Amino acid sequence: MHDDDLVYDIAPSPIGPLLLIASRRGVRRIEFPRNGRVTMPDYGLPQDAARLAYAAEQLRAYFAGECMTFDFARDAEGTAFQHDVWNALCEIPLGETISYGELARRLGRPNASRAVGAANGSNPLPIVVPCHRVIGSDGSLTGFGGGLPAKRWLLDHERRHVPRPPLQLM
């Protein structure tokens with residue numbers, strides 16, 4: 001993994017410390033804590049807070065409810081199909097959820113909900129690429145790399161911060 005000059009940093013969050021890994025091209029991975037702690041990669045990456053400062057600041061603003069979008073550079077590795085799924089995830093509006101089947105339909109692959117689910121589960125940039133907005137067809141919360149309590153927290157947080165149109169008095 002050293003071929004891209006990878007570095008890491010830790011970003012605090014209300015759902016636990018997040019491990020950020022970046023190449024020279026952008027943020028490659030965001031990893032949730034395991035058992036409340038960051039699981040450090042075993043490939044000996046150097047820490048570089050400066051390179052990850054912009055991404056960490058945007059995550060801080062997201063968790064504070066100050067800005068609900070991200071524009072830092074990304075370098076997610078995946079297949080063309082995975083990238084199609086991840087791009088479709090970014091089209092789910094803030095504060096809304098859809099099912100795996102609906103996501104598959106939006107991709108023009110209505111019979112591929114399991115493959116869509118697998119691609120969703122391998123999303124290397126959770127929160128930024130909002131895989132937490134995908135739920136079961138019965139409306140239940142389903143598996144999430146950060147755990148179901150974190151998924152519930154993210155969905156509730158986003159619903160509280162959906163931009164509302166100004167009140168119009170007639």
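Just so it is clear, the model here is predicted, and its values are computed rather than measured. Atoms considered below: every heavy atom in the structure, side chains included; atoms not considered: hydrogens, waters and symmetry mates.
A heavy-atom distance below 4.5 Å is not found between the side chains of Phe70 and Val129. Two residues are said to be in side-chain contact when any heavy atoms from C-beta on lie closer than 4.5 Å; Val134 and Ile92 meet this criterion. Arg109 places none of its side-chain heavy atoms less than 4.5 Å from the side chain of Val116. Using a 4.5 Å heavy-atom cutoff, the side chains of Leu141 and Leu155 are in contact. A heavy-atom distance below 4.5 Å is found between the side chains of Tyr54 and Asp71. Under the 4.5 Å side-chain criterion, counting only non-hydrogen atoms from C-beta, Tyr100 is in contact with Thr142.
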Show me, pair by pair, the donor-acceptor contacts under 3.5 angstrom made by side chains of residues 10-19, not counting sequence neighbours?
| residue | atom | partner | partner atom | Å |
| --- | --- | --- | --- | --- |
| Ser13 | OG | Ile15 | N | 3.1 |
| Ser13 | OG | Gly16 | N | 3.3 |
| Ser13 | OG | Gly16 | O | 2.5 |

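Residue pairs meeting the salt bridge (Lys or Arg N to Asp or Glu O under 4.0 Å) criterion with at least one member in residues 121-150, sequence neighbours excluded: Arg133-Glu158. Counting only residues at least two apart or in different chains, ring-ring contact (aromatic ring centres under 6.0 Å, His included) contacts with residues 103-157 comprise Phe32-Phe144, Tyr62-His157, Phe63-Trp153, Trp153-His157, His157-His161. Residue pairs meeting the side chain to side chain donor-acceptor pair (under 3.5 Å) criterion with at least one member in residues 115-128, sequence neighbours excluded, are Gln82-Ser122. Sequence neighbours left out, the pairs with a member in residues 92-103 that pass salt bridge (Lys or Arg N to Asp or Glu O under 4.0 Å) are Glu102-Arg105, Glu102-Arg106.
For the side-chain hydrogen bond (donor to acceptor under 3.5 Å, both in side chains) test, no residue two or more places apart in sequence or in another chain qualifies with Arg114. Ser137 is linked by a side-chain contact (heavy atoms from CB on, under 4.5 Å) to Ser99, counting only residues two or more places apart in sequence or in another chain. Applying the side-chain contact (heavy atoms from CB on, under 4.5 Å) rule to Ser23 yields the partners Asp4, Leu6, Arg25, Arg28, Asp75; only residues at least two apart in sequence or on another chain are considered. Applying the side-chain contact (heavy atoms from CB on, under 4.5 Å) rule to Asp48 yields the partners Val7, Ala50, Arg51; only residues at least two apart in sequence or on another chain are considered. Residues satisfying the side-chain contact (heavy atoms from CB on, under 4.5 Å) test with Glu91, not counting sequence neighbours, are none.
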- CA sep, side-chain torsions, deciding dist, call: Val128, Val27, side chain to side chain contact (heavy atoms under 4.5 Å, CB included): CA-CA 10 Å; Val128 176; Val27 177; over 6 Å; no
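The CD1 atom of Ile135 lies 12.0 Å from the CG atom of Leu103; values are rounded to the nearest 0.5 Å.
Looking at every heavy atom in both residues, Ala119 comes nearest to Phe81 through CB-CE2, 4.1 Å. Taking all atoms of both residues into account, the shortest heavy-atom contact from Leu52 to Ala22 is CD2-CB, 3.5 Å.
A continuous path of ILVMFWY side-chain contacts below 4.5 Å connects Leu89 to Phe72, so both sit in one hydrophobic cluster. Under a hydrophobic clustering in which Ile, Leu, Val, Met, Phe, Trp and Tyr are joined whenever their side-chain heavy atoms come within less than 4.5 Å, directly or via other members, Trp86 and Leu107 fall into the same cluster.
Between Arg60 and Glu66 there is a salt bridge, with a side-chain nitrogen of the basic residue lying less than 4.0 Å from a carboxylate oxygen of the acidic one.
Between the side chain of Lys151 and the backbone N or O of Cys131 there is no donor-acceptor pair closer than 3.5 Å.
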